[in-house]
Amino acid sequence: MKYAYYPGCSQESTAEEYNHSLQAVARRLEGIDLVEMQDWNCCGATPAAAVNPALPHALAARNLAIAEEMGMEMVTPCAACYKNIRKASHVLNDDPALLARINATLDGHQLGAAPRVRHPLDVVVNQVGVDNVPVERPLHGFKVASYYGCLITRPEGGFDDPEYPQSMDRLMEALGAEAVEWPYKTKCCGGAIYMTTEAISMTLSADVLAHAKAAGANAVAVGCPFCQLLLDLYQGKLEAIRGTSFDMPIFFFSQLMGLAMGLDRKELGLEKLVRSPFELLAQTIDSPDGAPEKPKRKRAAKLKKWGEA
Amino acid sequence: MTQQEAIRLGAEASAEMRPIEEEAALCYQCGTCSGACPVAAAGGMDYTPRAIMRMIQAGMEQEVLSSQTIWTCASCYACAVRCPRDIEITDVMTQLRNIALEKGYKARKGKVYNQGFMGIVRQHGRMWEPRLVVQYNLLTNPLNFLGLIPIALKMIRKGKLRFLPDHPKGRSEIRGIFDGLEGGGE
């Protein structure tokens, strides 16, 4: 199936690796063809509605109109764009008066019926199916905390449960990783307020990493550029604040898919992650034995200690 | 006398606040929203979401619109999905930010961030993060730049900092959206 692909602003800057890895994965998967929309515009993130309540819907309407012209459902990897445009599609389809008012401001595009808006995780899990992902190098030894954050599942009415989502966990298991059970999978990282209220977003993000670590994860998977930015780029700062070491690579779920599918690693942008994932790779899927060595070593060390005591 | 009138402490609600008052009138003060709110738990709010709902019911318009809470809400929707009365609390917070901006309430950081963000979108059609960061910090606290240096260096090293804005072709169309909507943009 062909999808109108809306990358969103972050995927052209801070989260380029999300964009590239997702497109590489989609090229390889049966049943997804991402066709990038021409000339898309910003969704307005959280500030748009504060400036003018109709503005996020109007900005979304132009993007939805472009997708409608393409005759396809829209896919956007950014959780904030996904929430804004998904919400606008419902509002505009239910409110003809608002749609008419907004269409009057659009020059060059007109929105008729807003197409369905989807997150790529939804497409992978519910359209392609996790069992149809061609896994060539299972991610044995990866203990992944699937971090959905806020806007992949909220507001409700999307493709997964807002309190206890499972789709990314199921995908990680299908890729051969262990899906770690943890209580912070839908907690907020504070992405929307990190510029205005940095201290609070640092507290929230540090809590997320602390819980992932406590649950025994050695990696976190995300589907949002802001979650990734805060947990990865700011990880050093979060460690300094908490006086502890998290040492947690933060992958976009598409990068982990690409690794398991055996795609060319250059396409996955792993070197763009600030907290290097290469040690984890060396200990797991790239280790000469192929088997996960890390747990074994840990156990041996522990036994020795006990013996000495 | 309606229940709403019985608990009102302030003056008659302004026209902008009326739809919000109607929404908040549904609240029976169970506090589920405050329990779900990560920002309240982290100490980032002067009033919890439950308190804001009560204050709206009581007509405490000025206190609500000058609260820190409406600006530190992270828009995570944890409150909204758990509200047993189906109040769209997160959207109420957004509407309150909008009214506070419209009515000129003092909220320098919120104003600089939100209007600055949309000013960039209006001009370029897409976000250009470096300009937002520079503009925001220059206008709020230029000393912040010192703290930003390590982060900026990491971003440059990883090629995550875009030195030039992206320019979609339909920039004039995008500007037209802002101009077409009343009071849009800046």
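The analysis underlying the following values was restricted to heavy atoms, covering all of them including side chains, and did not include hydrogens, waters or symmetry mates. Order of the sequence lines fixes the chain letters, A, B, ..., with proteins taken first and strands second; residue numbering starts at 1 for each chain.
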**Q** At a 4.5 Å cut-off on heavy atoms, which part of B:N144 comes close to chain A: side chain, backbone, both, or neither?
**A** neither

**Q** Find the one option among A:E156, A:E16, A:K237, A:Q38 whose heavy-atom pairs under 4.5 Å with chain B are most numerous.
**A** A:E156

**Q** Does any backbone or side-chain atom of A:S10 lie under 4.5 Å from a heavy atom of chain B? Answer side chain, backbone, both or neither.
**A** both

**Q** Taking atom types as modelled, is there a side-chain donor on A:Q23 or A:N19 under 3.5 Å from an acceptor on the other?
**A** yes

**Q** What residue in A:G8, A:C150, A:A192 has the most heavy-atom pairs under 4.5 Å with chain B?
**A** A:C150

**Q** Could you tell me whether the side chains of A:D160 and A:S167 share a donor-acceptor contact shorter than 3.5 Å?
**A** yes

**Q** Please test B:E61 against B:S14 for side-chain hydrogen bond (donor to acceptor under 3.5 Å, both in side chains), starting from the C-alpha separation and ending with a verdict.
**A** CA-CA 8 Å; B:E61 183 174 326; B:S14 63; 3.0 Å; yes

**Q** Students often mix this up, so state it plainly: with edges at 30° and 60°, are the rings of B:H124 and B:H167 parallel, tilted or perpendicular?
**A** parallel

**Q** Where on B:V121 is there a heavy atom nearer than 4.5 Å to chain A: the side chain, the backbone, both, or neither?
**A** side chain

**Q** Aromatic ring centroids of B:F117 and B:Y136 under 6.0 Å?
**A** no

**Q** What part of A:L233 gets closer than 4.5 Å to chain B, counting heavy atoms only: side chain, backbone, both or neither?
**A** both

**Q** Is there a donor in the side chain of B:Q123 and an acceptor in the side chain of B:R131, or the other way round, less than 3.5 Å apart?
**A** yes

**Q** Just say parallel, tilted or perpendicular for the rings of A:H119 and A:Y82, cut-offs at 30° and 60°.
**A** perpendicular

**Q** Considering only heavy atoms, which portion of A:E163 lies under 4.5 Å from any heavy atom of chain B: side chain, backbone, both, or neither?
**A** side chain

**Q** By the definition side-chain contact (heavy atoms from CB on, under 4.5 Å), identify the one residue from B:R50, B:M45, B:Q29, B:M53 that meets it with B:S34.
**A** B:R50

**Q** In terms of heavy-atom pairs under 4.5 Å with chain A, which of B:M155, B:R162, B:K111, B:Q95 leads?
**A** B:R162

**Q** Please determine whether a side-chain nitrogen of the Lys or Arg among B:R175 and A:D107 lies less than 4.0 Å from a carboxylate oxygen of the Asp or Glu.
**A** no

**Q** When heavy-atom pairs shorter than 4.5 Å are enumerated against chain A, which of B:G176, B:A78, B:C73 gives the highest number?
**A** B:A78

**Q** Please look at A:T203 and chain B and tell me whether the side chain, the backbone, both or neither of the residue comes under 4.5 angstrom of a heavy atom of that chain.
**A** side chain

**Q** Side chains of B:E129 and A:S13: donor-acceptor distance under 3.5 Å anywhere?
**A** yes

**Q** Measure from the side-chain N and O atoms of B:Q57 to the backbone N and O of B:E21, and report whether any donor-acceptor pair falls under 3.5 Å.
**A** no

**Q** Which bit of A:T197 is near chain B, if near means a heavy-atom gap under 4.5 Å: side chain, backbone, both or neither?
**A** side chain

**Q** Given the options A:C188, A:A199, A:P155, which has more heavy-atom pairs under 4.5 Å with chain B than any of the others?
**A** A:P155

**Q** Quick one: which of B:A36, B:P38, B:P150, B:G116 has the most heavy-atom pairs under 4.5 Å with chain A, could you say?
**A** B:P38

**Q** Would A:D207 and A:R242 pass as an ion pair if we require N to O under 4.0 Å?
**A** yes

**Q** Under a 4.5 Å cutoff for heavy-atom pairs, which residue among B:M93, B:K154, B:R171, B:E88 has the most contacts with chain A?
**A** B:K154

**Q** Taking side chain as everything from C-beta outward and backbone as N, CA, C, O, which of these in B:I151 sits under 4.5 Å from a heavy atom of chain A? Side chain, backbone, both or neither.
**A** both

**Q** Counting heavy-atom pairs closer than 4.5 Å to chain A, which one of B:L101, B:V39, B:V81 comes out on top?
**A** B:V81

**Q** Please determine, among A:G149, A:A80, A:A104, A:P53, the option with the most heavy-atom pairs under 4.5 Å with chain B.
**A** A:P53

**Q** Could you have a look at B:S172, B:A80, B:G159 and say which one has the most heavy-atom pairs with chain A under 4.5 angstrom?
**A** B:G159

**Q** Where on B:W128 is there a heavy atom nearer than 4.5 Å to chain A: the side chain, the backbone, both, or neither?
**A** neither

**Q** Pick whichever of A:G157, A:G190, A:G108, A:G44 has the most heavy-atom pairs under 4.5 Å with chain B.
**A** A:G44

